[in-house]
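First, the structure itself, so that you have it in front of you.
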Number of protein chains: 2
Amino acid sequence: MVKITDVARRAGVSPSTVSYALSGKRPISEETRQRVEDAIRELGYRPHAGARALAGRRSNVLALVVPLRAGIHVPTVMRFAVSVVTTARRHDHDVLLLTQEEGADGLTRVADTALVDALIVMDVQLDDPRLPLLRTLDLPTVLIGFPASPQGLTCVDLDFRAAGEACVEHLARLGHRSVALIGSPPEVYVRRTAFAQRVVQGFTDAADRSGMSSSVHPCETGAAREVAEQLLREQPALTGVVVHNEALLGPLVDAFADLGLRVPADLSVTAICPDELAESARVPITSVTLPTAEVGERAVELLMKKLDGTAVPESTLVPPRMTERASTGRRTVT
Amino acid sequence: MVKITDVARRAGVSPSTVSYALSGKRPISEETRQRVEDAIRELGYRPHAGARALAGRRSNVLALVVPLRAGIHVPTVMRFAVSVVTTARRHDHDVLLLTQEEGADGLTRVADTALVDALIVMDVQLDDPRLPLLRTLDLPTVLIGFPASPQGLTCVDLDFRAAGEACVEHLARLGHRSVALIGSPPEVYVRRTAFAQRVVQGFTDAADRSGMSSSVHPCETGAAREVAEQLLREQPALTGVVVHNEALLGPLVDAFADLGLRVPADLSVTAICPDELAESARVPITSVTLPTAEVGERAVELLMKKLDGTAVPESTLVPPRMTERASTGRRTVT
DNA sequence: ATGAAAGCGCTAACAA
DNA sequence: TTGTTAGCGCTTTCAT
């Protein structure tokens, strides 16, 4: 194994000079820098990660904690992970993969052993049990998602409020006057995450601003047919719906068809969901996507700032991006 | 930060005794071991990973290289990754996530910097460009999948040959006498991976052994209808098919339905694919699953053996596991 | 602009 | 069974 002293000898300089040439932490004359670089290349030198971590108190590794629970959209998680790895590499960091299964212990472990020097935690819940730990751990951390009290933490997520608004505004532009939101199952609103409520806020505010009539329906998986019937019964003027429920999107579109409603001729449908899903419905759905790659990138960049001591905002909301597909059209007055 | 000398002082022993108590690499009297353990617990000591890696020449981290290319089944990759992480943790190792994108350079990097001390490489191709490197790298490595020349490498995968056989034998037991294999696109057989040919071998051999008439059809994505029609035309006695083509499974079942063939009444369908896919077809498909979790587990265990110098077999074939669903039934003689 | 040298926290000879 | 000690390969004061 070739080490820093080998490089130093070959370049005719001291080890510290090699180290500084590598880190740029002190000025090196152009000439020495060149000699050092040559020596490094000729010998194929690569600094030993462990030695670096020990002496430099930085492992250049960050941990990514991925969720396992049922109901998670696996391709989304994977894309997020890939984006984190790619971005981390651009910043000369590697990524250690942790599963949620290890829980809080896993976090203390990698922190205490100095295996990693920063943390990205996905799928943060409103009352996430890891929060107290994360607050005391004093490892730079970025959360994906917003807990109930995000004070003192750094959180990133899609701007779900704006996503709700975007859907409504899209429908408004198409002339629709009466809209409904098909939301997540009731327990999601109560227990889990903040994003469901945010969508509702955005949806309702935008509808009010546009003077549209609107209704909101938290909705169980499997209840597609019931909800579709209920909508027709209770809101006969309805011509636009926003679906924020991955499991229900397909079945709902099917149910509308069964009830003789053509999409988009009779009913325009928008959704907040992974593009993949929107594309694979029987009618491709106009949707606001979860900008996985962008969120991953932002998370890593925030972490890098924190690592070099820069202050970062507590909350980062990634703006929604809407893709128009076949499921929305102008309101046809009959 | 509490370090080994702190523990040693508190327990009234030398640092090396603490180290040995931790590693078990030399006998420690029951009494000292107890004192050391107490001290560790009281102080909340955790060994510094970098220091360990430097002094012990072992990072206790292994790298997992995941594929990115289109056509890969993302949930399968993710499940595999989770299984690798879980198993690695059981063996006191962590997992560094690398993307295929980094290519061979990524492998040299983590090897040369001693960041990891073993490698798991997924999605190995017949003529994988990383093979020469992997052979010279002299890092313990396990490949998922089989290259053209696996000599000197350690490979794990589903036993695709047995999978092909299992499907045919299942159909044979149900009384079917004429079967067809719908395979991957032609280029897969030529270019990519060994598993496609293996399925064909297993399929053909088993059909021959049972005295069944059989045919094999490499098949492009999107050609479902054509293939279905061709099968009916050329093999009128056909009552059983084996599908080894993830993209085609659903469309094919649809095509059979369109052509008036009831599954399983007129035609029994089996597949080799992720369970997820088999379950979500319009008729749940009897299938041989890719035993992701088991392959991940085996890969890690092989690596652990290699790490402590035990010889391991070059090739590990995980036996297929068949799940009977609604798409297969007894041949009905008409 | 560069060098010398003291650690970083741990492991593993070597000694006893 | 335990202790002493010399590194592991790098970073970073402190000097010059």
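Sequence lines set the chain letters: A, B, ... in the order given, protein chains first and strands last, and positions in each chain run from 1. Here the structure is a predicted model, which means the values were calculated and not measured. Atom set for the values below is all heavy atoms of this structure, side chains included, hydrogens, waters and symmetry mates excluded.
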Practice prompt. To the nearest 0.5 angstrom, please state how far the CZ atom of B/R46 sits from the CE atom of B/M1.
Written response: 10.5 Å
Discussion item. Any carboxylate oxygen within less than 4.0 angstrom of a Lys/Arg side-chain nitrogen, looking at B/R35 and B/D38?
Written reply: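 No, B/R35 and B/D38 are not salt-bridged.
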Worksheet item: Looking at A/K305 and A/E301, does any basic side-chain N land under 4.0 Å from a carboxylate oxygen?
Response: no
Worksheet item: Of A/Y45 and B/G12, whose nearest nucleotide on DNA chain D comes first from the 5' end?
Response: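 First, find each residue's nearest nucleotide; the 5'-ward one identifies B/G12.
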Practice prompt. Any chance you could measure A/L302, atom CG, to A/E297, atom CD, to the nearest 0.5 Å?
Written response: 11.0 Å
Discussion item. Expected output is a numbered-order residue list: members of residues 47-55 of chain B with a heavy atom under 4.0 Å from any atom of DNA chain C. What is it?
Written reply: B/P47, B/H48, B/A51, B/R52, B/A55
Worksheet item: Residues from residues 27-44 of chain A sitting under 4.0 Å of DNA chain C, heavy atoms only?
Response: A/P27, A/I28, A/S29, A/T32
Worksheet item: Can you find a side chain N or O atom of B/K25 that sits less than 4.0 Å from OP1 or OP2 on C/dT11?
Response: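 Indeed not, no polar side-chain atom of B/K25 lies that close.
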Fill in: Heavy-atom side-chain proximity of A/S59 to A/L115 below 4.5 angstrom
no
Worksheet entry | Contact boundaries on DNA chain D for chain A, cut-off under 4.0 Å to non-hydrogen atoms |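 Result: D/dG9 to D/dC14.
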What are the atom names and distances for every N/O pair under 3.5 Å that joins the protein to nucleotides 13-16 of chain C?
from   : atom 1 : to    : atom 2 : distance (Å)
C/dA13 : N7     : B/Y20 : OH     : 3.4

Worksheet item: End-to-end bend of the helix from C/dA1-D/dT16 to C/dA16-D/dT1 (five-pair axes, 10° rounding)?
Response: 30°
Practice prompt. Go through the side-chain N and O atoms of B/S14 and B/T17 and say whether any donor and acceptor fall under 3.5 Å apart.
Written response: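 There is such a pair between these side chains.
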Discussion item. Working note: B/F195 + B/L158, criterion side chain to side chain contact (heavy atoms under 4.5 Å, CB included); need CA distance, chi angles, decisive distance, verdict.
Written reply: CA-CA 9 Å; B/F195 64 75; B/L158 167 64; over 6 Å; no
Discussion item. With nearest nucleotide decided by heavy atoms, which residue, A/T17 or A/K3, maps closer to the 5′ end of DNA chain D?
Written reply: A/K3
Worksheet item: Would B/S16 and B/S19 count as having a side-chain donor-acceptor pair, cut-off 3.5 Å?
Response: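 No.
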Worksheet item: Any chance CZ of A/R89 has more than 12 other-residue heavy atoms, nucleotides or ligands included, within less than 6.0 Å?
Response: yes
Worksheet item: Is any side-chain N of the basic residue among B/R41 and B/E37 closer than 4.0 Å to the acidic one's carboxylate O?
Response: no
Response to the item:
Exactly one candidate in A/V121, A/L96, A/L119, A/V95 meets side-chain contact (heavy atoms from CB on, under 4.5 Å) with A/L64; the answer is A/V95
Which side-chain N or O atoms in residues 133-145 of chain B pair as donor and acceptor under 3.5 Å with protein atoms at least two apart or in another chain?
from   : atom 1 : to     : atom 2 : distance (Å)
B/R135 : NH1    : B/Q151 : O      : 2.4
B/R135 : NH2    : B/S149 : O      : 2.6
B/T136 : OG1    : B/L133 : O      : 2.9
B/T141 : OG1    : B/L139 : O      : 2.9

